[in-house]
Amino acid sequence: ALEAKSLGAHALLFHHTYDTDSSLIFLDKWQMIKENASLPLFISAHINRTNFEQIVNLKPAGVVIGKSITRADNPA
């Protein structure tokens with residue numbers, strides 16, 4: 001995160017693979033990363049209807065939603 005801008009990055013993606021045992025535990029690292037990054041931060045994780053508000057309250061530049069859409073019964 002500290003060197004990303006100097007390497008030509010325009011944004012950072014904070015991604016954590018989803019594990020049913022760890023859920024959103026990785027979010028404890030969010031504040032440290034946010035404080036050390038000068039670029040917009042996006043979050044990609046197991047984002048769904050039950051945790052969306054928790055993710056949005058972290059105030060990322062945006063979120064990436066994958067399986068909640070692609071594996072939905074009616075993704076439209």
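Quick caveat: nothing in here was measured; it's all calculated off a predicted structure.
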**Student:** Run through the side-chain heavy atoms of Ile, Leu, Val, Met, Phe, Trp and Tyr, join any pair under 4.5 Å, and report what else lands in Val64's cluster.
**Tutor:** Leu13, Phe42
**Student:** Indicate the atoms forming the closest heavy-atom contact of Lys59 with Lys34, along with that distance.
**Tutor:** O-NZ, 3.6 Å
**Student:** Can you name the side-chain contact (heavy atoms from CB on, under 4.5 Å) partners of Glu35, sequence neighbours left out?
**Tutor:** Gln31
**Student:** Quick one: side-chain hydrogen bond (donor to acceptor under 3.5 Å, both in side chains) partners of Thr50, sequence neighbours excluded?
**Tutor:** Asn48
**Student:** Closest approach of Leu58 and Trp30, non-hydrogen atoms and distance?
**Tutor:** O-NE1, 3.3 Å
**Student:** Taking all heavy atoms of Pro40 and all of His10, pick out the closest pair and write down the distance.
**Tutor:** CD-O, 3.3 Å
**Student:** With sequence neighbours excluded, tell me which residues meet side-chain contact (heavy atoms from CB on, under 4.5 Å) with Asn36.
**Tutor:** Leu2, Met32
**Student:** Closest approach of Ile43 and Ile47, non-hydrogen atoms and distance?
**Tutor:** O-CD1, 3.7 Å
